[in-house]
Amino acid sequence: MSDAPLIEVKDLGVRLNTSRGPAQAVRGVNFALRRGETLGLVGESGCGKSVTALALMGLLPESAVISGSIRLDGAELIGLPDAAYCKLRGNRISMIFQEPMTALNPMHTIGHQVAEPLRRHTGVSAAEAQLEAIALLDRVGLPDAAKRVDAYPHQFSGGQRQRITVAMALACQPDVLIADEPTTALDVTIQGQILDLIAGLVEERGMSMILISHDLGVIAENVDRMMVMYGGTVVESGATDAVFARMGHPYTQGLFRARPRLGARKGTRLKTIAGTVPELADLPAGCTFADRCAIVEARCRAALPAVVDVGAAHGVRCIRTDVSMGAGGSSA
Ligand SMILES: Nc1ncnc2c1ncn2[C@@H]1O[C@H](COP(=O)(O)OP(=O)(O)OP(=O)(O)O)[C@@H](O)[C@H]1O
Ligand SMILES: [Mg+2]
């Protein structure tokens with residue numbers, strides 16, 4: 001098998017029309033994903049995770065201006081006509097959305113919806129597609145799949161609906177699965193079950209996965225490599241183990257300190273990161289994190305910092321890694 005990347009993203013930029021005029025939602029995003037590899041995308045709300053995912057899926061609003069390159073098996077996707085994109089979507093590249101009801105149509109039975117991509121992309125008969133849908137619903141752990149295949153989405157619980165969307169996304173055995181906060185709408189015990197289900201299916205079928213989460217714990221447990229996003233840029237990336245062993249960007253360090261911990265003493269306050277994610281239209285000129293960073297200095301605001309290699313394939317977009325990662329680094 002070739003070692004060529006399945007997905008290769010180079011200098012991806014997305015400009016969106018916001019209520020305050022056009023603004024750069026994503027810039028300078030680079031990554032490659034090989035077959036069978038899993039990549040996590042983590043960062044606070046509004047940092048550009050979903051916009052990046054939607055760019056890969058060709059689902060950005062029509063007014064969006066996209067730049068750079070997205071290659072799937074070497075073929076450029078940017079600028080692909082919609083009819084050609086429709087052949088890929090759900091077939092070679094699939095997405096599970098944060099809120100299951102946005103992916104499910106309340107007017108159609110779940111069997112119809114899981115079978116639909118199969119009929120559209122693989123040309124099997126309606127009866128065959130229905131049988132395959134039942135097998136898939138059974139595989140994702142929907143109880144009594146054969147009996148409930150003609151029920152409607154509202155007749156299921158939130159966790160069951162998310163299982164149904166997993167079945168839909170996987171129906172055509174895509175090469176790449178993008179899971180955008182697939183468990184945020186669910187309670188904690190169900191979250192773990194759904195993540196385990198997705199991870200199991202991804203491994204079983206040798207798929208690649210891009211898992212999006214604001215939760216560092218979810219990323220730590222589920223992906224080989226990770227990218228930390230802030231203000232539309234990737235501020236740190238590397239093998240998950242390497243990043244957790246030596247966090248280089250002050251933002252990654254802040255996210256880590258702010259994570260809720262089991263067994264923390266009662267009354268312990270979470271260390272939050274001061275300030276909030278800036279509005280797109282107000283992003284600072286240089287480092288996007290400059291306004292919230294404890295070790296910022298004047299040159300951080302001059303230009304977007306270049307990526308500094310701090311280990312094998314571990315990059316940090318910060319010019320102050322000498323301090324953030326230094327011995328006794330004040331920021332860690
Ligand atoms: N269709 C759109 N039109 C205008 N602005 C948008 C649009 N979609 C997203 N944005 C803006 O782009 C920025 C990035 O949004 P995005 O949805 O990628 O964030 P996110 O990292 O996925 O956050 P969350 O964790 O809340 O899902 C935000 O400032 C958001 O307001
Ligand atoms: Mg999002």
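Just so you know, ligand 1 is whichever comes first in the structure, and atom 1 is the first atom listed for that ligand.
One option in Gln98, Lys49, Arg15 has a heavy atom closer to atom 21 (O) of ligand 1 than any other, and that option is Lys49. Ranked by closest heavy atom to atom 3 (N) of ligand 1, the top entry among Asn17, Val42, Thr184 is Asn17.
With a 4.0 Å heavy-atom cut-off, ligand 1 is reached by the backbone of Val51 and by its side chain too. Contacts between Met229 and ligand 1 below 4.0 angstrom, taking non-hydrogen atoms only, are absent altogether. Of all the heavy atoms of Val26, none lies under 4.0 Å from any atom of ligand 1, so neither backbone nor side chain is involved.
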Show which side-chain atoms of residues 166-182 pair as donor or acceptor with protein atoms under 3.5 Å away, not counting sequence neighbours.
unit_1	atom_1	unit_2	atom_2	d
Asp175	OD1	Arg35	NH1	3.4
Asp175	OD2	Arg92	NE	2.7
Asp175	OD2	Arg92	NH2	2.7
Asp180	OD2	Ser50	OG	2.6
Glu181	OE1	Thr184	OG1	3.0
Glu181	OE1	His214	ND1	3.0
Glu181	OE2	His214	N	3.4
Glu181	OE2	His214	ND1	3.2

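Ring geometry, Tyr251 versus Tyr230: the interplanar angle falls from 30° to 60°, so the pair is classed tilted.
Val323 and Ile319 are assigned to two separate hydrophobic clusters, defined by single-linkage of ILVMFWY side chains at heavy-atom distances under 4.5 Å.
With a 4.5 Å cut-off on side-chain heavy atoms, Ser208 and Ile7 do not count as touching. A 4.5 Å side-chain heavy-atom check between Arg301 and Asp291 finds at least one atom pair inside the cut-off. With a 4.5 Å cut-off on side-chain heavy atoms, Glu221 and Leu195 do not count as touching.
With hydrogens and angles left out, the side-chain atoms of Glu8 and Ser69 include no donor and acceptor closer than 3.5 Å. For the 3.5 Å distance criterion, the side chains of Arg148 and Gln155 fail to qualify, holding no donor opposite an acceptor.
Among all non-hydrogen protein atoms, the one lying nearest atom 23 (O) of ligand 1 is Gly46 N, 2.8 Å. At the shortest separation from atom 26 (O) of ligand 1 among protein heavy atoms lies Ser45 OG, 2.5 Å. Of all protein heavy atoms, the one closest to atom 27 (O) of ligand 1 is Ser50 OG, 3.9 Å. In this structure, the protein non-hydrogen atom closest to atom 30 (C) of ligand 1 is Leu280 CD1, 4.7 Å. Nearest protein heavy-atom neighbour of atom 7 (C) of ligand 1: Leu16 CD1, 3.6 Å.
Residue contacts with ligand 1 do not include Gly43, since none of its heavy atoms lies under 4.0 Å from the ligand.
By the criterion of a separation under 2.8 Å, the protein N/O/S atoms near the Mg ion (ligand 2) amount to Ser50 OG.
Around CD of Glu297, the count of heavy atoms belonging to other residues, nucleotides or ligands within 6.0 Å exceeds 12.
Cys318 approaches Pro250 most closely through the heavy-atom pair SG-CD, 3.9 Å.
For ligand 1, the polar-atom distance check against Pro61 finds no nitrogen or oxygen pair separated by under 3.5 Å. For ligand 1, the polar-atom distance check finds no N/O of Thr52 at less than 3.5 Å from any of the ligand's N/O atoms. Residue Gly48 places at least one N or O, backbone or side chain, under 3.5 Å from an N or O of ligand 1.
Residue Glu181 approaches ligand 1 through these ligand atoms, each under 4.0 Å from one of its heavy atoms: 25 (O).
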List the steps and the verdict of side chain to side chain contact (heavy atoms under 4.5 Å, CB included) for Leu104 and Thr165. CA-CA 7 Å; Leu104 292 171; Thr165 65; 3.8 Å; yes
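The side-chain contact (heavy atoms from CB on, under 4.5 Å) test with Thr52 is passed by exactly one of Val234, Val26, Ile210: Val26.
Between the CE atom in Met325 and the CD atom in Gln253 there is a gap of 7.5 Å [rounded to 0.5 Å].
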